[in-house]
Amino acid sequence: SVITLGLFGTASGIFLMALGTHWVLAGLGFIWTIAMLSVTRAILSVYQMEIVPPDWRALMSGATSMAMGLGFTSMAFGGGYIIIEVGYGGLFLAGAGVTLVSAPLFWFYFRRPRGEYA
């Protein structure tokens, strides 16, 4: 799915930031990551609204926003401690790893044809 590809694209940008040794590579990785996140989040929002009954759409949107906010908050809060221990590279590698794990999980759960997992 496009969301799965977007997640892999996001992870590639994070890897570029983690492994790049020059500020230009870090900048390109950041721009790529933000671009992929923007595309993926927009598509995910449309997809969620398609599969949820109209009466539940507001709740679903709120729950998704809260979950993303909690994810960003926990990474920012915990990231400071990770940076102290292993540096920025370690933090970015952890973020890329979590993103890489989430892509196939999303694909598996929402794959087509829809079976008992959708």
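All values below were derived from every heavy atom in this structure, side-chain atoms included, with hydrogens, water molecules and symmetry-related copies excluded. Bear in mind the structure is a predicted one, so any value in this text is a computation, not a measurement.
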Crowded around F30 CZ? As in, over 12 foreign heavy atoms under 6.0 Å?
no
[X]: partners by side chain to side chain donor-acceptor pair (under 3.5 Å), with sequence neighbours left out:
| X | value |
| --- | --- |
| T4 | S1 |
| S102 | none |
| S12 | W32 |

Nearest heavy-atom approach of A26 to M17 is O-CG, 3.5 Å
Nearest atoms (heavy-atom pairs only) where M36 meets G9:
CG-C, 3.6 Å
Does one hydrophobic cluster hold both [X] and [Y], with members joined at side-chain heavy-atom distances below 4.5 Å?
| X | Y | result |
| --- | --- | --- |
| I14 | I34 | yes |
| V2 | Y109 | yes |
| F8 | V39 | no |
| L25 | F15 | no |
| L16 | L19 | no |

Holding to side chain to side chain contact (heavy atoms under 4.5 Å, CB included), I want the full list of residues that pass it with I31, two or more places apart in sequence or in another chain.
none
Does V24 have any side chain to side chain contact (heavy atoms under 4.5 Å, CB included) partners at least two apart in sequence or in another chain, and if so, which?
H22, L28
If I take atom CD1 from residue I3 and atom CZ from residue R41, how far apart are they, to the nearest 0.5 angstrom?
12.5 Å
Roughly how far apart are T64 OG1 and L59 CG, rounded to 0.5 Å?
9.0 Å
With a 3.5 Å distance limit and no angle check, can you tell me whether T73 reaches the backbone of G69 through a side-chain donor-acceptor pair?
yes
Counting only N and O atoms by type, is there a donor-acceptor contact under 3.5 Å from the side chain of S61 to the main-chain atoms of R57?
no
Pairs of donor and acceptor atoms involving the side chains of residues 74-96, under 3.5 Å and at least two apart or interchain, shall be tabulated with distances.
from : atom 1 : to  : atom 2 : distance (Å)
S74  : OG     : L70 : O      : 3.0
S74  : OG     : G71 : O      : 3.0

I want to check something: taking the side chain as every heavy atom from C-beta on, are M68 and L44 in contact at a cut-off of under 4.5 Å?
yes
So, do L7 and W107 sit near enough that their side-chain heavy atoms are less than 4.5 Å apart?
no
